[in-house]
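The next block holds one structure in the form of structure tokens; read it before the comments.
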Amino acid sequence: MEEAEMKEPTRPTRVAITGGIGSGKSYVCRLLERYGIRVYDCDAAAKRLMRESNELRDALRQLVGDEVYEGNVLQKPVMARFLLKSEANKQAVNDVVHPAVARDFEQSGYTWLESAILFDSNFDMRTHFDYIVCVTAPLEVRIRRVMKRDGISREQALEWIHRQLPQSEVRARSDFEIVNDGRTNLEKQIETIIKQIKGL
């Protein structure tokens, strides 16, 4: 009873789901819908905001240059060139886009959020989460999934994987882990975590 009294009564519990490329976290998020849990997709939100938010478009034009938009359409090759030039450029774009996504999430009514780069981008510092769940999978499984999904070579898949934080670090910084190796029962893991989060 004491623990319940200590919890903030005014704000619902916020949960972030993360995991490296090829871990299958989007699939886990689809499974969560069966339990009545809608998950805010950071990646989709960032794309929508870059398309719809005048404030964000103006900030990106100032940062990258006017050619980053044609009308209101983001020019992906221009953005990709800017991002690949340096780590500083990538961080500068993150510093513009991520606060906008964090604000949008906080106003969205969602309490669960999915972000592949939650820790890489320090997104976990922009919004308070009560629990962080990481989805993991063995390296070879991740490589196969990325190759199949994106139609790329093993070397390219590995390059994408190595650009992100090591899976071991993501796991160490999370409260819960869901193993999505194609063998371990996902539903059972999800149910256990939901019960623990709800204090059942």
Side-chain angles (χ1 to χ4, degrees), residues 11-12 14-30 32 37-135 142 145-146 149-150 152 156-157 159-167 169-170 173-174:
R11 188 177 57 73
R14 280 193 183 144
V15 182
I17 298 179
T18 191
I21 187 170
S23 62
K25 75 191 163 308
S26 296
Y27 179 66
V28 168
C29 290
R30 286 199 296 276
L32 282 165
I37 295 168
R38 294 185 315 134
V39 182
Y40 179 96
D41 182 336
C42 271
D43 199 34
K47 287 172 185 166
R48 172 175 53 79
L49 290 167
M50 284 193 283
R51 198 171 57 240
E52 296 175 1
S53 165
N54 290 330
E55 189 185 341
L56 190 51
R57 282 202 304 269
D58 290 345
L60 288 171
R61 278 194 180 102
Q62 280 189 337
L63 180 64
V64 182
D66 286 336
E67 66 277 10
V68 75
Y69 280 95
E70 212 169 88
N72 291 336
V73 181
L74 180 72
Q75 300 304 295
K76 290 178 186 174
V78 175
M79 178 62 87
R81 278 197 303 274
F82 182 81
L83 290 170
L84 290 169
K85 265 183 192 169
S86 71
E87 196 57 37
N89 280 6
K90 184 176 158 188
Q91 194 53 54
V93 170
N94 285 347
D95 288 343
V96 169
V97 175
H98 293 163
V101 174
R103 283 193 301 273
D104 190 66
F105 168 67
E106 284 167 2
Q107 295 163 7
S108 69
Y110 284 78
T111 55
W112 289 59
L113 170 145
E114 173 195 353
S115 172
I117 53 170
L118 189 79
F119 298 126
D120 311 54
S121 64
N122 294 320
F123 197 92
D124 59 316
M125 301 296 177
R126 300 184 193 278
T127 301
H128 173 77
F129 293 101
D130 299 284
Y131 300 103
I132 295 174
V133 180
C134 77
V135 181
R142 294 174 66 195
R145 285 174 180 162
V146 176
R149 186 192 70 189
D150 296 344
I152 59 176
Q156 286 172 306
E159 188 187 338
W160 279 110
I161 288 169
H162 289 321
R163 277 187 190 177
Q164 297 179 339
L165 278 181
Q167 185 168 260
E169 187 179 334
V170 176
R173 292 171 67 177
S174 301

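Residues V135 and Y27 fail the side-chain proximity criterion, which asks for heavy atoms closer than 4.5 Å. Residues L118 and R173 have side chains not in contact (no heavy-atom distance under 4.5 Å, counting atoms from C-beta outward). Between R48 and D104 the shortest side-chain heavy-atom distance falls below 4.5 Å.
When all heavy atoms of I21 and Q164 are compared, the closest pair comes out as N-OE1, 2.8 Å. In terms of heavy-atom proximity, W112 sits nearest to F105 at O-CE1, 3.9 Å. Among all heavy-atom pairs drawn from N89 and F82, the shortest one is ND2-O, 2.9 Å. The two residues S115 and K25 come nearest to each other via the heavy atoms C-CE, 4.1 Å. Considering all non-hydrogen atoms of both residues, C42 and V101 come closest at SG-CG1, 3.9 Å. Between F119 and L165, the closest heavy-atom pair is CB-CD1, 3.5 Å.
Atom CD of E52 has more than 12 neighbouring heavy atoms from other residues, nucleotides or ligands inside a 6.0 Å radius. Other residues, nucleotides and ligands contribute only 12 or fewer heavy atoms inside 6.0 Å of the CZ atom of R38.
No donor-acceptor distance shorter than 3.5 angstrom exists from the side chain of R142 to the backbone of G22, with no hydrogens or angles considered. Remark: side-chain polar atoms of D66 are not paired, donor with acceptor, to backbone N or O of R61 under 3.5 angstrom. Y110 contributes no side-chain N or O that, together with a main-chain N or O of D41, makes up a donor-acceptor pair within less than 3.5 Å.
For the atom pair L56 CG and R51 CZ, the distance stands at 12.0 Å (nearest 0.5 Å). Going from atom CG of D120 over to atom CZ of R163 covers 12.5 Å, rounded to the nearest 0.5 Å. Of the inter-residue distances, the one linking I117 atom CD1 with H98 atom NE2 reads 4.0 Å to the nearest 0.5 angstrom. For the atom pair CZ (R103) and OG (S108), the distance works out to 13.5 Å, reported to the nearest 0.5 Å. Distance check, rounded to the nearest 0.5 Å: CH2 of W160 to CD1 of I152 gives 8.0 Å. The line from CD1 of I132 to CG of D124 is 5.0 Å long, rounded to the nearest 0.5 Å.
Among residue pairs with one or both ends in residues 70-85, those qualifying as side-chain hydrogen bond (donor to acceptor under 3.5 Å, both in side chains) are R57-N72; sequence neighbours excluded.
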Salt bridge (Lys or Arg N to Asp or Glu O under 4.0 Å) assessment of R126 paired with D95: CA-CA 10 Å; R126 300 184 193 278; D95 288 343; 3.2 Å; yes
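Of the residues T18, L113, V15, T111, the one that meets the side chain to side chain contact (heavy atoms under 4.5 Å, CB included) test with F129 is L113.
With sequence neighbours excluded, no residue forms a salt bridge (Lys or Arg N to Asp or Glu O under 4.0 Å) with E67.
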